[in-house]
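Read through the structure below, which is laid out as structure tokens, and then see the notes.
Numbered from 1 within each chain, the chains take letters A, B, ... in sequence-line order. Everything numeric here is computed off the predicted structure, so don't read it as measured data.
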Amino acid sequence: MTNSNGNAAELFENLRLELRRGCLIVAVLAQLRVERYGYTLRKALADDGLVIDEGTLYPLLRRLETQGLLVSEWREEEKRNKRFYRLSPVGEEILQQLLKEWESINGSLARILQEA
Amino acid sequence: MELLDRYLQAVKKYLPKNRRDDIAAELRSNILEQVEDKEAELGRPLTIEEEEEMLRKHGHPMLVATRYMPQQQLIGSTVFPYYWFTLKAALPMALLAYTVVMSLTFISQPVTLGRVVAMLFNFPQIALYTAFWITIVFIIMDFAQAKYVKDSHTLYAWSPRNLPPVEDKEGVGTKSVFEVIASGLGILWLLAVPSLPFLLLGPADNFLRYMQPAPVWHTFYWAFVAILASQWMIEIVGLFSASWRRVRPLLGVTAQGLVAILFCLLLLRTNEYVILTDAGRELQKYQSVVVQINAGLTAAFKVAAVVLVLGFFVRLSAILWKRMQSNPVMVEKH
């Protein structure tokens, strides 16, 4: 019984992470319509209820930048060098498409759940 | 912040040279920011323990660095189903080829326990080599596919029309009934042979005055009968039970394996299958006849053993192949 509960919990955790993965990217892109650096972005996401650990967020920012969705620059702020990220024009375009897809999925899910 | 410096140094060790300073500088500024926030919240500097806890939460240096690297895999998800399918198909084939080669050497050379054991224990090495070379080929294929094939659908071009026709569902056919009858008659024949030797020898049964089966048959004869009778019972039950029908191939192949083992044991135990009776010993001419018969039987049993071992592995491979076909690799489509 304990083992099956453990498996169910592990399964849920895997599915939850899978569900979150795509959503996190949309959230990060949306937050970066305003320029931020890693730590403040993480705080902003957490304030909006989307807690994401550093080990995931900072490499994600680099990956999105490599993909051309973000642009970044080093700048000094409060006597410390920080790397600021913001959405690139391509990122803006992709974000709009992703939001449309998100709304479509959300609408479909809502209808499916209503039917059920 | 000595701990932070040590932490960043450890992370840098696992990062690619051209990006390591940049990534480490960004990590430093973010972590320092976090420390300042925490200190402002507590109204005092962080203790060593608190600093340590914060870094520990940030993650193991190797893991943190790995997340900055592009995802690496030897065989990607596009090629992987082909790789897995080939691997699963190749291993039974390798087993079959190995058995054929080994069996052929058994005909030409004497059977010894050492050779039988060596044959059994050498296969894992062959399987490992096979898997190794298949993996190498697919790594190259994956590399070539990623570099030169832009459309991954090319690998999966297919048409429903080209799929094989639906296989007949396994059921009780006339063939199965005849098989059971034939097996039953075969066992009856085998049981009748000791008391009615002409069933085996025909008119030559007169020779039994001078020759008789060697004592080794007292054990092996009944072992053969027991195995064949169990196989027959399985066939009978299979006629009436669908669940038994599903495991029948496996039980059948097990019985064949046991018969093959018996033949091998027989060959290992003796090369004297016929001996002279008291009457035969008195006649000089039967001395050489017995030697010739034993030599002939040894050769015949070796061939039988090879055929049985071969048949066993062919049937085993067929069953494994069928099982694998019914459990294809799941290819996720996103």
Side-chain angles (χ1 to χ4, degrees), chain A residues 11 14-15 17-26 28 31-32 35-47 51-86 98 101-102 104-105, chain B residues 1 3-5 7-8 10-42 46 50-73 77 330-334:
Chain A
L11 182 65
N14 287 340
L15 292 172
L17 288 175
E18 214 167 297
L19 189 65
R20 262 173 65 101
R21 204 167 291 139
C23 300
L24 281 178
I25 293 175
V26 177
V28 167
Q31 282 283 8
L32 288 175
E35 190 182 61
R36 294 174 204 272
Y37 59 92
Y39 182 66
T40 48
L41 170 63
R42 186 169 163 253
K43 278 212 311 189
L45 287 166
D47 289 345
V51 177
I52 174 169
D53 63 78
E54 308 94 321
T56 305
L57 180 63
Y58 302 154
L60 175 66
L61 291 173
R62 294 281 177 149
R63 186 155 60 84
L64 294 174
E65 190 189 11
T66 312
Q67 289 168 344
L69 303 179
L70 301 178
V71 285
S72 73
E73 64 171 335
W74 280 100
R75 218 170 47 235
E76 197 179 298
E77 190 192 79
E78 292 167 359
K79 292 179 189 171
R80 183 171 295 140
N81 261 333
K82 291 165 185 172
R83 192 181 184 116
F84 286 86
Y85 294 89
R86 65 187 153 79
L98 286 175
E101 185 67 23
W102 161 253
S104 158
I105 293 171
Chain B
M1 284 284 109
L3 273 186
L4 175 60
D5 290 331
Y7 181 73
L8 292 174
V11 175
K12 278 168 78 174
K13 219 182 343 178
Y14 303 105
L15 287 169
K17 259 186 191 169
N18 56 340
R19 297 167 63 205
R20 76 172 47 142
D21 289 334
D22 192 52
I23 291 172
E26 187 182 6
L27 278 176
R28 171 185 285 279
S29 75
N30 283 329
I31 293 171
L32 284 176
E33 197 84 4
Q34 194 180 347
V35 169
E36 279 174 12
D37 260 14
K38 191 76 186 164
E39 285 178 342
E41 185 191 321
L42 296 169
L46 290 187
E50 285 163 342
E51 196 185 329
E52 189 183 348
E53 181 59 19
M54 184 178 282
L55 292 174
R56 205 188 54 75
K57 273 189 185 161
H58 202 271
H60 188 286
M62 190 194 278
L63 282 181
V64 169
T66 310
R67 287 182 181 147
Y68 282 94
M69 317 280 263
Q71 278 199 334
Q72 288 169 323
Q73 49 201 3
S77 58
M330 298 295 288
V331 184
E332 277 187 55
K333 277 247 170 194
H334 297 287

Tell me whether the count of non-hydrogen atoms from other residues, nucleotides or ligands lying under 6.0 Å of CH2 in W74(A) goes above 12. yes
For the interface with chain B, which of R62(A), K43(A), E54(A) has the highest count of heavy-atom pairs at distances below 4.5 Å? R62(A)
Please find the pair of heavy atoms, one from L27(B) and one from Y58(A), that lie closest to each other, and give the distance. CD2-CD1, 3.9 Å
Whatever's closer than 4.5 Å to a heavy atom in chain B on N81(A) counts as backbone
For K57(B), all residues meeting salt bridge (charged side-chain N to carboxylate O under 4.0 Å, His left out), sequence neighbours excluded: none
Could you please state which residues from residues 15-26 of chain B sit under 4.5 angstrom from chain A, measuring non-hydrogen atom to non-hydrogen atom, sorted by number, or 'none'? R19(B), D22(B), I23(B), A25(B), E26(B)
Please find the pair of heavy atoms, one from Y39(A) and one from E33(B), that lie closest to each other, and give the distance. CD2-CG, 3.1 Å
On a heavy-atom basis, the closest approach of R67(B) and T56(A) is NH1-N, 4.3 Å
Partner set under salt bridge (charged side-chain N to carboxylate O under 4.0 Å, His left out) for R20(A), not counting sequence neighbours: none
Which portion of R42(A) sits near chain B, non-hydrogen atoms under 4.5 angstrom: side chain
Pairing residues for L64(A) by the side chain to side chain contact (heavy atoms under 4.5 Å, CB included) criterion, not counting sequence neighbours: I25(A), V28(A), L29(A), L60(A), Q67(A), L69(A), L70(A)
